[in-house]
Amino acid sequence: MSSFFLAREYLRKNLFQTIAMVGGFTFALYLPIATHWLLFAFEEAIVARAASTPVLVGAKGSRFDLLLHGLYFRNIQMEEFKFSTFKELRDSGPSSAVPFFNRFSAKGHPVVGTSELYFKVRNLRLVEGENLSLPGECLLGSSVARKLGLSPGDKLRTDRENPFDLSGEYPLLLNVKGVLAPSESADDDVVFVSLKTSWIISGVWHGHDADHDLPADSKLIKKHLEVTAENLSSFHSHTDSADFPLTAMAVFPENEKSTALLLGRYADHKELQAIRSIRVVDEMLGIVAKVREFLDANHALVLAVTLLLVFMISTLSLRLRATEMETFFLLGCSRGKILSIRFAELSIVFASSILPAVCSAWITILAMKDYLNSLTA
């Protein structure tokens, strides 16, 4: 009679013991599989986004802060620099550049002022509504639209930088003009506006009634908190456009030579720095690799404990099955046959654990998909 048949019948008759062993093996296999898949998905996404944005330019400081700010729009208060810097870089060629002004949020989501070129280089398209055409309008990432339940024609108010600063700029009521298709990236969790709109939020560009006797920069002037067709013409600035603020620039050189020249241009700059995105990401992944080594050691320990548990269960079951084993021996089964039955039992348990472990890991990846996107948001 087949060893696997006898093993299967025994496991079926002792269902509780079988479930305990299958559960232990499943958990021991699930942890390393899920962890490695999650880390692989994270590394793949972060490398792909960095590779698609060769160079980032921003104020002097931490390279990691600039990377997170320029690629993932993390709400880091980067030092500002003048819009004239972007104009000089754009006009110098042969590189195309995308400016960012990212200082504000709306319902906790970053409000990013940028140019139309950004949507082209990221291949972002609309699923609802229309593109930006006037100040005061915004485009929502797919996750923002889903979480807030907004669609074209709705309104979205920006958050105040400091709710206790009564002299600060007041929130701006944005008109939702469109919703972007899911991109499975950090762009899904962003509210995009034009640069002029982001400057309106900051107060650099503003609109107010002209019938007052207060100084132009007075905080007591009642400013418009929404851009409409009626008040659009009243919006203006008391600052030269060259001095308008930016927080980062994404630069797309035409070739490797242009990249080297660009990096050299800012190598000794007193106020700005240029970083090669992929190199900074490689540094970050070096830290991730050390975390992976720690997790691998932890998983090895869990697996060892599980094997000890299975060994203990097997040893106890052999004592409980002493009469059964003696009966097999009297019926003519050799000791090798009895060992093969035990091996078949463990093989069935291990094989039964693989599919649940892989399926559980896959479900974990799907469940954490949005969270991974927010990390690479």
Side-chain angles (χ1 to χ4, degrees), residues 1-48 143 182 184-185 284-325 327-328 333 335-377:
M1 192 173 290
S2 169
S3 298
F4 276 94
F5 173 79
L6 293 173
R8 185 191 65 190
E9 290 302 308
Y10 173 78
L11 293 173
R12 187 172 63 84
K13 293 292 185 181
N14 297 271
L15 193 58
F16 180 78
Q17 176 184 313
T18 303
I19 292 175
M21 290 194 294
V22 170
F25 270 123
T26 298
F27 183 71
L29 293 173
Y30 162 79
L31 283 176
I33 293 174
T35 301
H36 278 266
W37 282 4
L38 283 170
L39 288 175
F40 178 77
F42 174 77
E43 291 177 11
E44 187 179 48
I46 196 173
V47 168
S143 295
E184 298 186 356
S185 70
M284 295 177 65
L285 293 181
I287 300 173
V288 174
K290 293 184 182 298
V291 174
R292 179 189 290 166
E293 291 175 4
F294 171 78
L295 291 175
D296 286 343
N298 182 63
H299 297 152
L301 181 62
V302 171
L303 183 60
V305 171
T306 303
L307 291 174
L308 286 174
L309 176 63
V310 171
F311 177 76
M312 183 182 68
I313 293 175
S314 299
T315 303
L316 292 174
S317 67
L318 280 175
R319 292 189 176 185
L320 294 174
R321 297 171 64 186
T323 304
E324 178 187 344
M325 295 296 109
T327 302
F328 277 141
C333 289
R335 294 187 182 278
K337 182 67 172 180
I338 294 174
L339 289 175
S340 71
I341 293 173
R342 293 296 298 150
F343 176 77
E345 290 174 4
L346 294 176
S347 298
I348 292 173
V349 169
F350 184 77
S352 300
S353 305
I354 294 176
L355 183 60
V358 172
C359 291
S360 299
W362 181 251
I363 291 172
T364 301
I365 295 291
L366 294 178
M368 297 188 68
K369 193 173 184 180
D370 286 343
Y371 179 68
L372 282 175
N373 291 340
S374 70
L375 293 176
T376 59

Within this structure, what is the CD1-OG distance for the pair Ile348 and Ser353, rounded to the nearest 0.5 Å?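 Rounded to the nearest 0.5 Å, the CD1-OG separation comes out at 11.5 Å.
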Distance check, rounded to the nearest 0.5 Å: Ile19 atom CD1 versus Ser352 atom OG? 11.0 Å
Check whether any side-chain heavy atom of Phe350 sits under 4.5 Å from a side-chain heavy atom of Leu29, and report yes or no.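 Yes, close enough: below the 4.5 Å cut-off.
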Considering all heavy atoms of both residues, which atom of Trp37 and which atom of Trp362 are nearest to each other, and what is their separation? CZ3-N, 3.8 Å
